[in-house]
Amino acid sequence: MKQAADTMTAELPGLSMMLRRGRPCVGTRPMTAAERKRRSRQLRMQSALLSSDVASVQVPVQLNAVVDERTRRLLRQRAAERGVTMGELIDQLMVHL
């Protein structure tokens with residue numbers, strides 16, 4: 001944005017609206033961190049469900065499972081050996097079932 005007294009600087013076409021800094025607004029107030037994360041998860045889920053390439057799209061889902069300590073340590077160890085996360089290791093295991 002140029003100053004009102006500036007007569008030498010040309011206006012750029014298409015930049016009439018100023019972009020605001022900070023968190024994006026929902027209505028009249030900025031979104032909270034929880035609202036932004038919820039919106040992000042919702043958008044990721046929608047884009048994953050609308051995608052036609054099912055094999056390469058990951059749908060973000062939270063899975064909770066109760067396992068004993070031995071199993072948890074074994075999963076962590078195998079994931080570290082392969083250089084992947086525990087979630088990626090479980091994905092690989094499911095492909096082989």
For Arg73, all residues meeting salt bridge (Lys or Arg N to Asp or Glu O under 4.0 Å), sequence neighbours excluded: Glu69
Transitive ILVMFWY side-chain link Leu97 to Ile90, under 4.5 Å: yes
Pairs where residues 80-97 contributes a residue and the test salt bridge (Lys or Arg N to Asp or Glu O under 4.0 Å) is met, not counting sequence neighbours: Arg78-Glu81
Counterpart residues, side chain to side chain contact (heavy atoms under 4.5 Å, CB included), relative to Leu43 (two or more places apart): Arg39, Gln46
By side chain to side chain contact (heavy atoms under 4.5 Å, CB included) - contacts of Thr32 (at least two apart): Arg29, Ala34, Glu35
Residues forming a side-chain hydrogen bond (donor to acceptor under 3.5 Å, both in side chains) with Thr71, sequence neighbours excluded: Asp68
Taking every non-hydrogen atom, the tightest pair across Leu75 and Leu93: CD2-CD1, 4.3 Å
Distance-minimising heavy-atom pair for Val84 and Gln92: CG1-NE2, 4.0 Å
Pairwise distance CG(Leu74) to CE(Met86) - rounded to 0.5 angstrom: 9.5 Å
